[in-house]
Amino acid sequence: MPRFFVNEINENNITLTGENARHIGRSLRMRPDEELTVCCKGIDYNCTISKITEDTVFLELKEKILCQSEPDIEVTLFQAVPKLDKLEYIIQKSVELGVSHIVPVLTRRCISRPAEKDFAKKLPRLNKIAEEAAKQSGRGIIADVSEIISYKTALEKIKKFDKSLILYEAEGGKRFGDVNFNEIRTVGLIVGSEGGFDKSEVEGAKNTGAEQIWLGKRILRCETAPISALSILMFLTNNM
């Protein structure tokens, strides 16, 4: 069933306008009596189209339910900035897996080092990728992609999470199965770019309370590591 996201909804008069309306009428070529889902803040509104005009789709509410695909854990991915195509892939797949926020971070070994202004120009496209992934996977929210931040700022932010983890392939660390996720509701996950982390960056994360996590003997590419980690995390917290 086609899925559309809105920030606000009037349950007594549900309509879709703008790009959503054009997509329904022109691209999907939907007609009255066909069904679609409008999602607002984690609630699914299953509707039937009652009328379509040039710029508005009028809907009749059939059912209102809590979105069943949202995890009960809020995960923020702090991703050291890789090349743009890899970042786009990471955003798409991490949203499908249930991440809530994606924060690009500039670390010492990042090969790609875009200026803040240049990166800001790419944000609309990156957030559009997140939106399309949310629609495809039946999410209840659209994960947001933030502006690029420094590693120092990232370390300040991870102090606020119930649990923070940093992936680091060297010198061991805990396996995911050894991490205690009981009563944990927010997780900050820090993942490196193509060049990995400087050892001092790992120590800095650990000094803020982050746990060092090891994904095994094989070295994973920077676009593989966050997907693997999120898959394991969702499985261990019963969100798969």
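For reference, positions follow the sequence shown, starting with 1. All figures in this text were calculated on a predicted structure; none of them were measured in a lab.
Cation-pi geometry between Lys51 and Phe58 is satisfied (NZ or CZ under 6.0 Å from the ring centre, within 45° of the ring normal).
When all heavy atoms are compared, the tightest approach of Val99 to Ala143 is O-CB, 3.4 Å. For Arg3 against Cys67, the heavy-atom pair with the smallest separation is NH2-SG, 3.5 Å.
Under the 3.5 Å distance criterion, the side-chain polar atoms of Thr208 are matched with a main-chain donor or acceptor of Ala205. For Gln79 (side chain) and Gly192 (main-chain N/O), a donor-acceptor pair under 3.5 Å exists by modelled atom type. The backbone N or O of Asn180 lies less than 3.5 Å from a partner atom in the side chain of Lys163, making a donor-acceptor pair. When atom types are taken as modelled, the side chain of Thr224 and the backbone of Leu220 share no donor-acceptor pair closer than 3.5 angstrom. The main-chain N or O of Leu123 is found under 3.5 Å from a side-chain atom of Asn127 such that the two form a donor-acceptor pair. The main-chain N or O of Glu203 is found under 3.5 Å from a side-chain atom of Asn207 such that the two form a donor-acceptor pair.
Pro2 places a side-chain heavy atom less than 4.5 Å from the side chain of Met30. For the pair Lys206/Gln212, a side-chain contact is recorded, criterion being any heavy-atom separation below 4.5 Å from C-beta on. Between Ile141 and Glu70 there is a side-chain heavy-atom pair separated by less than 4.5 Å. Taking 4.5 Å as the limit, every side-chain heavy atom of Thr76 sits out of range of all side-chain heavy atoms of Leu189. Between Trp214 and Arg175 the shortest side-chain heavy-atom distance falls below 4.5 Å. Counting heavy atoms from C-beta outward, Val57 and Asn20 have side chains that stay 4.5 Å or more apart. Between Phe176 and Leu167, the closest side-chain pair of non-hydrogen atoms falls below 4.5 Å. Counting heavy atoms from C-beta outward, Asp144 and Ile102 have side chains that stay 4.5 Å or more apart.
Comment: Glu60 engages Lys62 in a salt bridge, judged by a side-chain N to carboxylate O separation of less than 4.0 angstrom. Salt bridge absent: Glu156 and Lys152 never bring a charged side-chain N and a carboxylate O closer than 4.0 Å. Taking the charged nitrogens against the carboxylate oxygens, Glu74 and Arg185 have no contact shorter than 4.0 Å, which rules out a salt bridge. With respect to the salt-bridge test (charged N to carboxylate O, under 4.0 angstrom), the residues Lys128 and Glu132 qualify.
At most 12 non-hydrogen atoms from other residues, nucleotides or ligands lie less than 6.0 angstrom from CG of Asn7. Residue-environment remark: NZ (Lys135) exceeds the threshold of 12 foreign heavy atoms within 6.0 Å. Annotation for Asp33: atom CG does not count as buried by contact number, only 12 or fewer foreign heavy atoms lying within 6.0 Å.
Between the CG atom of Leu233 and the CG atom of Leu77 there is a distance of 10.5 Å, given to the nearest 0.5 Å. Atom CD1 in Ile43 sits 6.0 Å away from atom NZ in Lys64 (nearest 0.5 Å). If you take CZ on Phe78 and CZ on Phe161, they are separated by 4.0 Å, rounding to the nearest 0.5 Å. Here CD of Gln92 is found 7.5 Å from CD1 of Ile129. Values are rounded to the nearest 0.5 Å. Here the OH atom belonging to Tyr89 is positioned 10.5 Å from the CZ atom belonging to Arg221, to the nearest 0.5 angstrom. To the nearest 0.5 Å, the span separating NZ on Lys160 from CG on Asp162 amounts to 13.5 Å.
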Discussion item. Would Ser231 and Ser228 count as a side chain to side chain donor-acceptor pair (under 3.5 Å) here? Give the steps.
Written reply: CA-CA 5 Å; Ser231 298; Ser228 300; over 6 Å; no
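Screening residues 86-115 for salt bridge (charged side-chain N to carboxylate O under 4.0 Å, His left out) gives Lys86-Glu194, Glu88-Arg125, Lys93-Glu96, Arg108-Asp198 as the qualifying pairs, with residues at least two apart or on separate chains.
Side-chain polar atoms of Asp44 and Thr37 form no donor-acceptor pair below 3.5 angstrom.
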